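Structure, as structure tokens:
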Amino acid sequence: MTDRQIPKWSELRPLLRPKPVELDPTARRLRDALTIGDLRTVARRRTPRSVFDYTDGAAEAEISLRRARALFRDLELQPSILHDVSAVDTTTQYLGRPSALPFAFAPTGFTRMMHHEGERAVVRVAQERDIPYALSTMGTTSIEAVAQAAPDARKWFQLYVWKDRAAGEDLMARAKAAGYEALMLTVDVPVAGARLRDVRNGFAIPPALTVRTVLDAGMHPSWWMNLLTTEPLTFASLSAWDGTVAELLDKLFDPTMTIADLEWLRASWDGPLIIKGIQTVADAQRVVAAGADAVVLSNHGGRQLDRAPVPLRLLPDVRDALGADAEVWVDTGITSGADVVAALALGADATLIGRAYLYGLMAGGHRGVDRAVEILEKEVRRTMALLGVTWVGELGPQHVRLP
Ligand SMILES: Cc1cc2nc3c(=O)[nH]c(=O)nc-3n(C[C@H](O)[C@H](O)[C@H](O)COP(=O)(O)O)c2cc1C
């Protein structure tokens with residue numbers, strides 16, 4: 001039999017530790033989000049369905065994205081014990097220059113639709129946290145306005161090759177003049193992927209006022225209020241566009257583009273060149289031979305070809321094939337700091353993240369993007385310490401077992 005007693009107030013009092021009251025609902029939601037998955041849950045509640053689905057969704061049956069995430073989920077991390085991990089250095093290099101963290105913000109279109117603070121919020125976090133930021137051709141804030149919002153951030157400009165080559169040259173010249181460090185050419189969009197969630201939702205840019213969207217406005221009043229009372233949602237790189245999204249993409253993307261066009265690009269851009277959307281070893285070698293300084297192994301977050309190669313699986317072979325000829329970065333499916341660490345261990349020089357920061361943006365604008373970075377940074381540090389490594393250069397294939 002256990003002896004029991006009535007607890008005394010003096011014993012109970014130290015146990016009473018109520019959580020500090022946070023009156024600002026956004027701050028409260030962000031504080032309570034412990035993972036990128038938690039930020040996704042907040043984002044889903046805070047934004048209209050079609051906007052959330054545009055961001056969260058992928059192409060066709062969304063197999064590419066599921067497989068990429070599944071490989072990160074199913075791999076095994078192999079720790080080494082009894083090392084002094086009291087100080088962990090997360091610094092890595094992009095284009096030969098140090099960066100505070102081993103992830104950068106991938107280019108994403110229509111960012112101001114996800115939250116009215118849009119690209120400016122993302123680039124400001126990039127500046128504050130020393131993370132490079134790639135502005136998309138499909139951005140909703142101009143090249144110059146993004147530069148002005150964060151003059152000291154490391155900025156890259158992501159280009160889609162346009163049918164109208166002069167327009168592309170003009171964008172490159174503007175990016176150069178505004179101090180963008182590098183050009184990122186995305187090569188996995190010869191035609192637009194089939195994003196079926198968007199078709200089913202009748203998604204349009206700017207969002208059309210239909211019975212459905214008006215009903216939705218009642219459920220997400222602050223999102224709609226912000227949309228209607230801030231700068232109209234337009235594509236910043238297209239000064240006069242009044243067609244549908246499909247027509248726009250058709251105008252932009254040039255399905256005739258080949259590797260020979262990289263010569264034209266090299267002649268128009270004299271800074272570092274990153275090629276994004278590489279999905280085979282042979283293509284990685286071809287673009288590096290044609291002058292690329294870095295390649296991004298990516299299937300566009302599963303938004304283009306469905307059942308495409310999983311970039312992480314391709315990584316060790318590309319690393320071997322390229323050696324020191326070019327930097328190898330990887331994206332698609334990263335939702336935690338442990339994913340970033342696994343990619344580095346398998347040979348990536350660095351990574352890009354897309355949805356991870358967009359969920360933060362949708363959940364709380366600038367503060368939400370910052371929370372996403374904070375979550376990922378803590379996870380990177382903790383994972384490295386638990387693996388027994390103190391800097392990125394110590395990570396190697398011995399730390400990861402792929403299924
Ligand atoms: C909403 C959204 C818009 C995107 N827009 C672009 C774009 O305009 N240009 C581009 O090169 N990639 C674009 N991407 C792909 C990202 O740059 C990146 O490759 C992808 O998001 C990585 O996968 P993750 O979201 O799983 O991190 C977009 C991705 C998302 C989710």
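Everything numeric here is computed off the predicted structure, so don't read it as measured data. Every number for a ligand or one of its atoms is a count from 1 in the order of the listing.
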Looking at D370 and R367, is there a salt bridge between them, counting it only when a charged N and a carboxylate O are closer than 4.0 Å? no
Lys/Arg-Asp/Glu bridge criterion (N-O < 4.0 Å) met for E377, R129: yes
At a 4.0 angstrom heavy-atom cut-off, what protein residues surround ligand 1? Y54, T55, A106, P107, T108, G109, M114, S136, M138, Q158, Y160, T186, K276, S298, H300, G301, R303, D331, T332, G333, I353, G354, R355, L358
Of all residues at least two apart in sequence or in a different chain, which pass the side-chain hydrogen bond (donor to acceptor under 3.5 Å, both in side chains) check with T90? none
Aromatic contact between W156 and W329, with the criterion being ring centroids under 6.0 Å apart: yes or no? yes
Can you list everything that forms a salt bridge (Lys or Arg N to Asp or Glu O under 4.0 Å) with E60? Sequence neighbours excluded, please. none
Test side-chain contact (heavy atoms from CB on, under 4.5 Å) applied to D74 - qualifying residues, sequence neighbours left out: A70, P403
